[in-house]
Amino acid sequence: MEKIDLYYQQFIKTGGSILRGDNIPEGASAMVVFICIFSDDGRLLIQQRDLKKSWGGYWDVSAAGAVISGEDSTDAAMRETKEELGLDLKRDRLYKAMSLYYDKHIHDIFIYNAGPGELPKVPDGLRLQQGEVAGAKWADKAEVCSMLENREFIPVYKEFIELLFAMHKSKGIMLT
């Protein structure tokens, strides 16, 4: 069983940990990562969650998972992408776009902009993790938003999807 480090809401480690699946104590948070892989033509690689998982059958961002003890979120993003999709990302092309706090979890959201011809054909060139990922495909913003409206995509704000597509083009957003 994997151990998960605990954090304060301010993204600082508490020094404590729990086993994955245990309840997060009051006043503490766990950290998770979401990886959004974009093709050179601006489409997002999305995965269909295995039917046995929570939100089974729904579509989701490219990869996601918990940060286990001893990892930082970049290490976790690289590991989760390799485990779920069989992809070795180039570390220098993966960047943390934002961090959010929600429901006792710190969510580190990563964006990866693939170069021309860098990624294999989807889904044939991917090694989808059994028990985790049922399928994968490329989708543009309109398709993801349509899937969201039709309740085929995990329930997130449409504005969040729009923000991801905007951030991948600009490599982030400057607030003034």
Side-chain angles (χ1 to χ4, degrees), residues 4 7 9-11 20-21 23-24 28-68 71-85 87 89 93-114 119 122-123 126 128-129 131-175:
I4 307 292
Y7 296 79
Q9 282 182 328
Q10 299 83 0
F11 302 5
R20 186 178 187 146
N23 289 330
I24 299 169
S29 305
M31 186 176 285
V32 294
V33 294
F34 293 86
I35 305 92
C36 303
I37 301 171
F38 286 89
S39 64
D40 61 320
D41 65 356
R43 293 178 297 151
L44 175 64
L45 178 61
I46 60 175
Q47 65 156 278
Q48 188 175 33
R49 297 171 63 84
D50 187 272
L51 290 174
K52 297 177 189 121
K53 291 184 56 97
S54 63
W55 299 105
Y58 282 73
W59 289 87
D60 198 350
V61 297
S62 308
V67 177
I68 58 176
E71 284 184 318
D72 65 21
S73 61
T74 303
D75 292 335
M78 300 285 291
R79 176 185 51 76
E80 287 290 347
T81 304
K82 177 71 172 177
E83 287 175 2
E84 293 183 8
L85 303 173
L87 292 176
L89 300 181
R93 303 209 34 192
L94 179 72
Y95 70 94
K96 187 178 353 178
M98 67 181 115
S99 295
L100 307 169
Y101 177 79
Y102 177 74
D103 192 29
K104 290 191 172 187
H105 288 85
I106 296 166
H107 299 78
D108 277 354
I109 316 296
F110 286 85
I111 290 180
Y112 186 85
N113 287 309
L119 298 177
V122 173
L126 299 176
L128 304 179
Q129 184 179 18
E132 292 281 329
V133 182
K137 67 179 183 175
W138 292 107
D140 62 20
K141 180 172 68 172
E143 183 177 2
V144 174
C145 288
S146 175
M147 293 171 82
L148 188 59
E149 288 174 21
N150 293 328
R151 301 179 194 266
E152 300 169 274
F153 203 88
I154 60 166
V156 297
Y157 290 107
K158 180 181 176 186
E159 294 82 1
F160 177 70
I161 297 299
E162 292 170 343
L163 181 61
L164 291 175
F165 276 88
M167 291 181 81
H168 107 85
K169 290 179 188 170
S170 65
K171 307 260 175 142
I173 292 180
M174 182 184 301
L175 302 175

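The figures here come from the full heavy-atom set of this structure, side chains too, leaving out hydrogens, waters and symmetry mates. Note that the structure is a prediction, hence the values are computed from the model and not measured.
- The only option from Glu80, Lys96, Met78 that meets the side chain to side chain contact (heavy atoms under 4.5 Å, CB included) definition with Phe110 turns out to be Lys96.
- Not a single salt bridge (charged side-chain N to carboxylate O under 4.0 Å, His left out) links Asp40 to another residue, sequence neighbours left out.
- Residues forming a side chain to side chain donor-acceptor pair (under 3.5 Å) with Ser73 (at least two apart in sequence, or on another chain): Asp108.
- Not counting sequence neighbours, the partners of Ser39 by the side chain to side chain donor-acceptor pair (under 3.5 Å) test are Asp41.
- Here the closest non-hydrogen pair linking Ala30 and Ile24 is CB-CD1, 3.7 Å.
- Judged by distance alone, with hydrogens and angles left aside, the side-chain atoms of Asp72 form a donor-acceptor pair with the main-chain N or O of Thr74 at under 3.5 Å.
- Applying the ring pair (Phe, Tyr, Trp, His ring centres under 6.0 Å) test to residues at least two apart or on different chains, none of the pairs has a partner in residues 144-163.
- Not counting sequence neighbours, the partners of Lys82 by the side chain to side chain contact (heavy atoms under 4.5 Å, CB included) test are Asp88, Arg127.
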Chi angles and distances behind the side chain to side chain contact (heavy atoms under 4.5 Å, CB included) call for Ile37, Leu87: CA-CA 10 Å; Ile37 301 171; Leu87 292 176; 4.0 Å; yes

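- A distance of 5.0 Å separates CG in Asn150 from CD in Glu152, rounded to the nearest 0.5 Å.
- The number of heavy-atom neighbours closer than 6.0 Å to CG of Asn23, taken from other residues, nucleotides and ligands shown, is 12 or below.
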Check against ring pair (Phe, Tyr, Trp, His ring centres under 6.0 Å), Phe38 and Phe165: CA-CA 9 Å; Phe38 286 89; Phe165 276 88; 5.1 Å; yes

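- The minimum heavy-atom distance between Gly135 and Leu128, with the atom names listed, is CA-CD1, 3.7 Å.
- If you run side chain to side chain contact (heavy atoms under 4.5 Å, CB included) between Ile35 and each of Val61, Leu94, Leu45, Ile109, only Leu94 comes through.
- Between the side chain of Ser146 and the backbone N or O of Ala142 there is no donor-acceptor pair closer than 3.5 Å.
- With sequence neighbours excluded, the residues satisfying side chain to side chain donor-acceptor pair (under 3.5 Å) with Gln47 are Glu84.
- Evaluation of the ring pair (Phe, Tyr, Trp, His ring centres under 6.0 Å) rule for Phe34 yields His107 as partners, not counting sequence neighbours.
- The side chain to side chain donor-acceptor pair (under 3.5 Å) test applied to Asp75 returns Arg91, not counting sequence neighbours.
- Partners of Ile154 according to the side chain to side chain contact (heavy atoms under 4.5 Å, CB included) rule, which considers only residues two or more places apart in sequence or in another chain, are Arg49, Trp55, Tyr58, Asp60, Val156.
- Taking Ala139 as the reference, Ile46, Glu143, Val144 meet the side chain to side chain contact (heavy atoms under 4.5 Å, CB included) condition, with sequence neighbours excluded.
- Between atom CD1 of residue Ile106 and atom CG of residue Leu100 there is a gap of 10.5 Å, rounded to the nearest 0.5 Å.
- Nearest heavy-atom pair across Val32 and His105 is CG1-CD2, 3.8 Å.
- Counting heavy-atom neighbours within 6.0 Å of Lys137 NZ, excluding the residue itself, gives a total above 12.
- Under the rule for a salt bridge (charged side-chain N to carboxylate O under 4.0 Å, His left out), the partners of Arg79 that lie at least two apart in sequence or sit in another chain are Glu71, Glu83.
- The minimum heavy-atom distance linking Ala66 with Ala76 is given by the pair O-CB, 4.2 Å.
- In terms of heavy atoms, Ala114 sits closest to Leu119 at CB-CD1, 3.5 Å.
- In this view, Ala134 and Gln48 satisfy the side chain to side chain contact (heavy atoms under 4.5 Å, CB included) rule, not counting sequence neighbours.
- In this structure, Asp103 CG and Ser29 OG are separated by 9.5 Å, a value rounded to the nearest 0.5 Å.
- For the atom pair CE (Met31) and OH (Tyr7), the distance works out to 4.0 Å, reported to the nearest 0.5 Å.
- Looking at Glu132 and Lys53, a side-chain N of the basic residue comes within less than 4.0 Å of a carboxylate O on the acidic one, giving a salt bridge.
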Side chain to side chain contact (heavy atoms under 4.5 Å, CB included) assessment of His168 paired with Asn113: CA-CA 7 Å; His168 107 85; Asn113 287 309; 2.8 Å; yes

